[in-house]
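Every chain is numbered from 1 and lettered A, B, ... according to where its sequence line falls, protein lines coming before strand lines.
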Amino acid sequence: MRRIFSLSSGALFGLGLLISGMVDTSRVQGWLDTFGDWDPTLAFVLGGAILPMAIAWRISEKRQAPLSGGTFPARPTQKITPDLALGSMIFGAGWGLAGLCPGPSFAALSFGGWEGLLFVGSMIVGMLLAVPAKRTRLGMA
Amino acid sequence: MVEQSYIYGLVGGLIIGVGGAIYLLGNGRIMGASGVIGGLVDGSGRSDWRDRALFIAGLIAAPWLALTIIGAEAETNITSNPSVLIAAGILVGFGARLANGCTSGHGVCGISRLSLRGIAATAFYLLAGGVSVLLFKHVLGVI
């Protein structure tokens, strides 16, 4: 069951990203471009995605365990750490620069050409660079 | 038509949310793209690599399959500037892992749980994204 859940969840995520137009970098940049020709589509995507997720969180509170066993994710600390703030700002800067984030960059891999591949390759390098950064100074908080 | 994109956005968003709901209620995991991918990249998610690999397989295959079946092409409007792609990719990968989440984990899954961290992260990356587009598009003109 776990495997079916994983595969179908990823498939729906990819389909949703395609249908919503979030694989189109100009839509994402259009949303962030408040000084240009502003495109509010992303707000509809985020709002639409939050709705079923909010219901799912409610259901998870009433259930003992996930359908395939194990436990539900514990509520994380509500601390706003320097890592969270700094990391999110660095992420946001790159997101605005190319109009891509991790989900859509993978959803677009089959049709994004060498450009999409180069972005994903660079993103993986960035992910690896974050490992020592978290362990040293930045990881203190 | 501009309004049509809102409807596609809403429908696509609902489908994304159902995907996240299945991942949570089925597997007890938070559907965060940078977390699922990052755990495979740095080996921290070795114990459930199969779940992660299958999720990623679905994520890549479903759009490809859908486009093949309907015989359409998706617009990405992705830049062909290698420097921009490399810089943006590194920033996105590094930042998302440092912050422990991106638009899906902090945005979709965090906000829907009314997580203060998710809401704060979203505010930070929206702000930085807006400044980034302002700077690179309107001031420097590189994108």
### Query
Which answer fits A:Thr71, side chain, backbone, both or neither, if we ask what part of it has an atom under 4.5 Å from a heavy atom of chain B?
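Backbone only.
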### Query
Where does B:Leu25 contact chain A at under 4.5 Å (heavy atoms): side chain, backbone, both or neither?
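Both parts, heavy atoms under 4.5 Å.
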### Message
Quick check on B:Phe136 against chain A: is it the side chain, the backbone, both or neither that has a heavy atom closer than 4.5 Å?
### Response
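Contact with chain A is through the side chain of B:Phe136 alone.
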### Message
Using only atom types and a distance under 3.5 Å, with no angle test, would you say the side chain of A:Thr25 pairs donor to acceptor with the backbone of B:Thr76?
### Response
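Yes; judged by distance alone, with no hydrogens or angles, the pair exists.
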### Query
Got a donor-acceptor contact below 3.5 angstrom from the A:Ser9 side chain to the B:Gly19 backbone?
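The answer is yes, because a donor-acceptor pair under 3.5 Å joins these two groups.
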Looking at every non-hydrogen atom in both residues, tell me the closest pair between [X] and [Y] and how far apart they are.
| X | Y | answer |
| --- | --- | --- |
| A:Gly94 | B:Ala88 | O-CB, 3.5 Å |
| B:Ile143 | A:Gly96 | CD1-O, 3.9 Å |
| B:Ala74 | A:Phe111 | CB-CE1, 3.6 Å |
| B:Ala96 | A:Phe91 | N-CB, 3.8 Å |
| A:Arg75 | B:Arg113 | NH2-O, 3.2 Å |

#### Entry: From B:Val133, B:Val84, B:Asn81, residue fulfilling side-chain contact (heavy atoms from CB on, under 4.5 Å) relative to A:Leu97
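It is B:Val84, the one option of B:Val133, B:Val84, B:Asn81 that forms the side-chain contact (heavy atoms from CB on, under 4.5 Å) with A:Leu97.
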### Query
Considering only heavy atoms from C-beta outward, does the side chain of B:Leu126 approach that of A:Trp95 to under 4.5 Å?
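B:Leu126 reaches A:Trp95 side chain to side chain.
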### Task
Report yes if some heavy atom in the side chain of A:Met123 is under 4.5 Å from a heavy atom in the side chain of B:Val41; otherwise report no.
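Side-chain contact under 4.5 Å: no.
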### Check against side chain to side chain contact (heavy atoms under 4.5 Å, CB included), B:Val36 and A:Phe106
CA-CA 12 Å; B:Val36 174; A:Phe106 267 72; over 6 Å; no
